[in-house]
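Take a look at the structure below.
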Amino acid sequence: MPQSPILVTGGAQRLGRYCAERLLEDGHPVIITYRRPRAAVEALRARGVTAVQADFSSEAGILEFIETLHSLTPSLRAIVHNASRWQADHSDASMGEEFELMFRVHMLAPYLINLKARDLLDACTEPMRDIVHISDFSASKGSRHHSAYASTKAGMENLTRSFAARFAPSIKVNSIAPAAIMLNTDDDEAYAASLRDKSVLEAIPGPSVIWEGLRYLLDARFVTGSTLAIDGGRNVK
Ligand SMILES: NC(=O)C1=CN([C@@H]2O[C@H](COP(=O)(O)OP(=O)(O)OC[C@H]3O[C@@H](n4cnc5c(N)ncnc54)[C@H](OP(=O)(O)O)[C@@H]3O)[C@@H](O)[C@H]2O)C=CC1
Ligand SMILES: Nc1nc2c(c(=O)[nH]1)N=C([C@H](O)[C@@H](O)CO)CN2
């Protein structure tokens, strides 16, 4: 029976929430991070999720979260780095700050949490321990309109390979690279159709496909340092 919790950063909505709820249903204790208090956080708490307010937009915020994490649990079964900011490139003065923010959320937070919470993973007595970085198809291909986002996700994928080597054999470290999984509320049907057309499977499947990939990686005894593409065949279009 699973005993050590699984941490899902940014787990109060969309893909992260979906995976947090499936992990609960599989019997794992779950810890999520969130920034803004809201009904979804309370609903998860009502199901037994430990919800921790955390903002990774500064190193101090990341370090504060790591300290809180150690006060909440003596061990972790897995860490899922799901938290993310998806900001398009623009020429306003704030774009430099946006780039730095996406660097902190996509790279600095996973880096510091992996390094400083490794002891919690090592304390897990279950058969396997995992880190999963939720990346993006654009990390390998680039993005003409989201280059800051894509490059920081590429950095996250590089961290996957470094930590896989550094933490083996006790901890597996892998990435999931999604594309066009779930629309945002302001996306119209024309945009949705253009997204579907980008993959050979021609669908926007929703969060269950990410859960399939996460469950696979958590159970995969001989997989580390890899990137699991969940993108409907973008590469073969
Ligand atoms: N949706 C899709 O189709 C695709 C998603 N992905 C990746 O999958 C993952 C999940 O995607 P999705 O569910 O759409 O993600 P969201 O855009 O819904 O963001 C996930 C969470 O990230 C948290 N977050 C954002 N900024 C910060 C911050 N500064 N500090 C702490 N937490 C922060 C938010 O927490 P809060 O809401 O509490 O503020 C949010 O709930 C992401 O890594 C994304 O890049 C990749 C390709 C496609
Ligand atoms: N943090 C987020 N990252 C991404 C999102 C999102 O909503 N939040 N959405 C995407 C889309 O799939 C995009 O690829 C097409 O709309 C990518 N990353």
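Each residue takes its place number in the sequence, starting with 1. Both counts, for ligands and for their atoms, begin at 1 and track the order of listing. The figures here come from the full heavy-atom set of this structure, side chains too, leaving out hydrogens, waters and symmetry mates.
In terms of protein heavy atoms, atom 17 (C) of ligand 2 is closest to D136 OD2, 3.5 Å. Protein heavy atom nearest atom 13 (C) of ligand 2, with residue, atom name and distance: W86 CZ2, 3.4 Å. For atom 14 (O) of ligand 2, the closest non-hydrogen atom of the protein is A180 N, 4.1 Å.
Of all the listed residues (R35, M156, M102, R36), R35 holds the heavy atom that lies closest to atom 27 (C) of ligand 1. Of the candidates I134, I181, D231, the one placing a heavy atom closest to atom 3 (O) of ligand 1 is I181.
Atom numbering of ligand 1 starts at 1 in the shown order; those under 4.0 Å from a heavy atom of N82 are 9 (C), 10 (C), 42 (C), 43 (O). Per-residue contacts place D55 under 4.0 angstrom from the following atoms of ligand 1 (heavy atoms of the residue considered): 28 (C), 29 (N), 30 (N).
Not a single heavy atom of H146 lies less than 4.0 angstrom from ligand 2. Ligand 2 has Y191 within reach: a non-hydrogen atom of the residue lies less than 4.0 Å from it.
Of the heavy atoms in K153, only side-chain atoms (C-beta onward) come closer than 4.0 Å to ligand 1.
Note: F163 and Y111 have tilted aromatic rings, judged against thresholds of 30 and 60 degrees for the angle between ring planes.
Considering both main-chain and side-chain atoms, G16 never comes within under 3.5 Å of ligand 1 through any nitrogen or oxygen pair. Taking only nitrogen or oxygen atoms, main chain and side chain alike, M182 reaches within less than 3.5 Å of ligand 1.
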